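Reckoned from all heavy atoms, side chains included, excluding hydrogens, waters and symmetry mates. Please read these numbers as outputs of a predicted model, since none were measured by experiment.
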Amino acid sequence: MTAFSLGTFGFPEVHADDRPIKLALRKGLALLVYLAEAKGAVARDVVATLLWPESPGETGRARLRRLLHRIEQTLGQAVFETDRSSVRWSPALELKVDTHLFEGACDRGDFEQACQIYRSDFLAGFALDDCPEFDEWAFFRREALRGRLMHALERLVQDKNAVGEHFAATAHAGRLVELDPLSEVYGRHLIRSLLLAGDRSAAERHHAALTERLRDELGVAPEAETEALMNPAAGSLDVPATRYVKGAGVHLAYQTYGSGPLDILVMPGFVSHVERAWEHPASRTFLASLMKLGRLIVFDRRGIGLSDRVGSAPGIDVTAEDIGTVLRAANARRVVLFGASECGPACIKFAVDEQRLVAGLILFGALAKGCWSPDYPHALRPSQYDAWRQHLVAQWGGPVGIETFAPSLAGDPQARAWWAGLLRAASSPGGISAVLEAFRDADVRHLLAQIAVPTLVLHRRGDQAVRISAGRDMASRIKGAQFVELDGNDHWFFAGDQGPVLEAIRGFMEGLRKRTS
């Protein structure tokens with residue numbers, strides 16, 4: 001079997017004096033990469049449209065035939081298998097693609113090898129100016145791989161510092177800072193690793209550089225958590241350590257903090273990142289307030305944040321299973337589930353299936369069904385939902401959606417930078433598209449009548465992401481549920497006025513304690 005290796009991390013510039021020849025060479029390279037990434041047969045029409053979008057169908061197919069022939073002539077061997085309708089790499093070839101090797105290393109937890117393979121971004125600097133669909137495909141693939149790299153680097157920083165290899169940790173933390181210079185979480189990773197390595201002067205230089213970037217780009221000062229690294233007397237909230245538990249073949253990142261007669265598991269919505277959640281002052285204040293009511297447990301769903309990235313979107317059943325995995329790892333006793341937005345259905349599922357473990361259920365800005373139907377007018381119609389999902393994906397990496405999710409924070413440069421950074425760290429455009437597509441078809445209305453634990457439903461009247469009618473409808477279907485309408489238009493529970501939210505939760509928790517005492 002003939003071996004054929006293809007490198008896509010970084011890509012050579014095509015040099016040719018004749019523009020048509022240069023374009024043909026670039027399209028040949030694009031074809032090789034696209035077929036390699038497909039891992040199977042691809043319809044000829046799809047490839048032809050991708051590379052010659054302006055050409056009529058037959059013209060595009062003819063150009064594809066000529067290009068396939070020229071590539072094999074250049075390589076001096078047959079590398080494709082074709083039929084009348086499809087084309088693929090020949091199975092007689094042993095094809096080695098660096099992206100596949102990278103993802104394989106990530107899947108088996110060999111993050112050091114993965115980071116060595118990832119030399120530069122996927123197809124860095126390569127584009128086909130007359131093929132927007134190819135460039136869009138390459139962008140989403142690039143962002144997905146970049147997201148896995150960031151996840152791998154964070155794992156390595158944690159692992160290396162845990163075993164005392166602090167100099168190695170600084171190298172990986174340095175790459176994280178290069179990927180996202182405005183992230184205080186990544187900046188702290190680097191500063192903390194340098195301090196552990198005994199290089200205080202370098203830590204001071206990086207602290208000064210981070211301070212300057214935050215001031216010049218965002219107009220803000222470093223957080224107390226960052227300042228406390230260089231000056232412990234400054235004081236800060238001691239952010240809990242991130243731990244991992246393996247469940248159903250996937251490592252889930254989780255944290256626990258505090259103590260109390262009840263545990264509170266918080267699931268914030270369609271994206272999360274257990275470490276970046278502490279980076280924004282309002283989010284940190286809210287979580288710290290919950291600690292006064294019980295032991296806090298937070299985790300990232302599979303495929304999201306610091307948990308292992310997977311090839312499919314985590315559905316409601318799988319997420320409910322992951323809740324159980326994390327609760328067992330945290331030695332949870334009786335837990336109050338706090339499910340916000342899209343995480344509400346998974347918490348509902350777990351509360352029904354594992355009633356003996358659940359002391360109470362809090363649903364914030366949640367809905368029981370992903371999309372509109374004749375008997376459920378409280379959500380977006382499928383076409384509206386898909387348009388919203390596509391907009392979110394197209395703008396991924398920037399502070400997309402903050403005007404809807406948190407109008408009160410939309411004008412805050414620090415909040416916008418935090419949200420953009422959280423999105424990049426939590427998932428990739430393609431990954432989150434699959435998550436949102438799965439939620440579109442979710443429906444747990446049939447479970448609401450089966451909920452037998454005390455339930456509190458909270459919803460802001462002006463919520464622009466999920467209509468308050470969805471909250472009213474959900475509460476009406478849960479026996480004995482308490483429904484509280486709150487002022488404001490923020491969808492995020494920590495945005496806007498936290499007082500009424502925390503007051504309602506505190507009253508609910510006191511009632512639960514009286515029941516169990």
Side-chain angles (χ1 to χ4, degrees), residues 6-16 18-57 59-68 70-71 80 86-89 95 97-100 102-103 118-150 179-180 309 311 386-400 420 423-424 427-434 436-437:
L6 184 61
T8 64
F9 286 124
F11 217 57
E13 178 57 54
V14 176
H15 297 284
D18 187 278
R19 187 177 183 280
I21 293 177
K22 182 176 181 178
L23 183 59
L25 289 171
R26 292 174 70 82
K27 291 199 174 182
L29 289 171
L31 176 61
L32 290 174
V33 172
Y34 185 77
L35 292 179
E37 289 291 315
K39 300 181 182 179
V42 181
R44 284 173 175 260
D45 287 345
V46 170
V47 180
T49 301
L50 193 73
L51 297 180
W52 296 278
E54 302 300 326
S55 299
T59 302
R61 288 189 291 272
R63 289 177 172 174
L64 174 60
R65 288 194 297 271
R66 288 195 296 270
L67 183 57
L68 292 170
R70 288 172 181 169
I71 291 174
F80 302 116
S86 66
V87 58
R88 59 179 294 178
W89 277 88
L95 183 62
V97 187
D98 56 359
T99 55
H100 301 171
F102 167 75
E103 291 181 309
Y118 197 114
R119 301 183 308 276
S120 180
D121 284 337
F122 176 74
L123 299 187
F126 182 86
L128 296 177
D129 296 336
D130 61 339
C131 302
E133 290 188 13
F134 176 85
D135 289 341
E136 182 180 21
W137 167 81
F139 166 77
F140 286 129
R141 181 63 173 145
R142 184 181 305 120
E143 289 299 307
L145 293 165
R146 188 181 174 94
R148 296 205 71 170
L149 173 67
M150 295 167 77
L179 289 166
D180 194 347
R309 302 298 165 94
D386 287 340
W388 170 75
R389 175 175 58 86
Q390 289 166 9
H391 168 72
L392 198 70
V393 170
Q395 301 297 320
W396 199 259
V400 59
L423 292 181
R424 292 192 298 272
S427 185
S428 65
I432 207 63
S433 179
L436 294 175
E437 188 173 349

Minimal heavy-atom distance between Ala124 and Ser120, with the atoms involved, is CB-OG, 3.6 Å
To the closest 0.5 Å, what do you measure between CG (Asp135) and CZ (Phe140)? 12.0 Å
Go through Asp98 and Arg119 one step at a time and tell me if the side-chain contact (heavy atoms from CB on, under 4.5 Å) criterion holds. CA-CA 10 Å; Asp98 56 359; Arg119 301 183 308 276; 4.0 Å; yes
If only side-chain N and O atoms count, and only distance matters, is there a donor-acceptor pair under 3.5 Å linking Ser433 with Arg389? yes
Determine whether Glu133 and Val46 satisfy the following criterion, side-chain contact (heavy atoms from CB on, under 4.5 Å), listing intermediate values before the conclusion. CA-CA 11 Å; Glu133 290 188 13; Val46 170; over 6 Å; no
Who passes side-chain contact (heavy atoms from CB on, under 4.5 Å) against Pro132, sequence neighbours left out? Pro53
Nearest 0.5 Å, what's the CZ-CG distance between Phe80 and Leu35? 6.0 Å
Just to verify, what does Trp52 make a ring-ring contact (aromatic ring centres under 6.0 Å, His included) with, not counting sequence neighbours? none
Are Arg146 and Asp180 close enough for a salt bridge, meaning some N to O gap below 4.0 Å? no
Nearest heavy-atom pair of Leu6 and Ala36: which atoms, and what distance? CD2-CB, 3.7 Å
Minimum heavy-atom distance Glu143-Pro429, with the two atoms named: CB-CD, 3.1 Å
Salt bridge (Lys or Arg N to Asp or Glu O under 4.0 Å) filter on Glu437, not counting sequence neighbours, yields Arg440
Could you measure the distance from the OG atom of Ser428 to the CZ atom of Phe139? Nearest 0.5 Å is fine. 9.5 Å
If I compare all heavy atoms of Leu51 with all of Ala30, which pair ends up nearest, and what's the gap? CD2-CB, 4.2 Å
Only counting residues at least two apart or in another chain, list the ones meeting salt bridge (Lys or Arg N to Asp or Glu O under 4.0 Å) with Arg141. Glu37, Glu103
So, does Arg424 use its side chain to make a donor-acceptor pair with the main chain of Gly147 at under 3.5 Å? no
Residues two or more places apart in sequence or in another chain: which of them pass ring-ring contact (aromatic ring centres under 6.0 Å, His included) with Tyr34? Trp137
Working to the nearest 0.5 Å, report the span between NZ of Lys27 and CG of Leu50. 9.5 Å
Could you give me the CA-CA distance, side-chain angles and deciding distance for Glu54 and Asp130, then say whether side-chain contact (heavy atoms from CB on, under 4.5 Å) is met? CA-CA 9 Å; Glu54 302 300 326; Asp130 61 339; over 6 Å; no
Can you name the closest pair of heavy atoms from Gly40 and Arg88 and give their distance? O-CB, 3.8 Å
Please step through side-chain contact (heavy atoms from CB on, under 4.5 Å) for the pair Val33 and Leu29, ending with a clear verdict. CA-CA 6 Å; Val33 172; Leu29 289 171; 5.6 Å; no
Straight-line distance of Thr99 OG1 to Leu123 CG, nearest 0.5 Å: 9.0 Å
Gap separating the CG atom of Leu179 from the CG atom of Leu149, nearest 0.5 angstrom: 5.5 Å
N/O donor to acceptor pairs below 3.5 angstrom from side-chain atoms of residues 59-68, sequence neighbours left out:
from: Arg61; atom 1: NH1; to: Asp45; atom 2: OD1; distance (Å): 2.9
from: Arg61; atom 1: NH2; to: Glu58; atom 2: OE1; distance (Å): 3.1
from: Arg63; atom 1: NH1; to: Ser55; atom 2: OG; distance (Å): 2.7

Anything under 30° is parallel, anything over 60° is perpendicular, the rest tilted; go ahead and classify Phe126 against Phe134. perpendicular
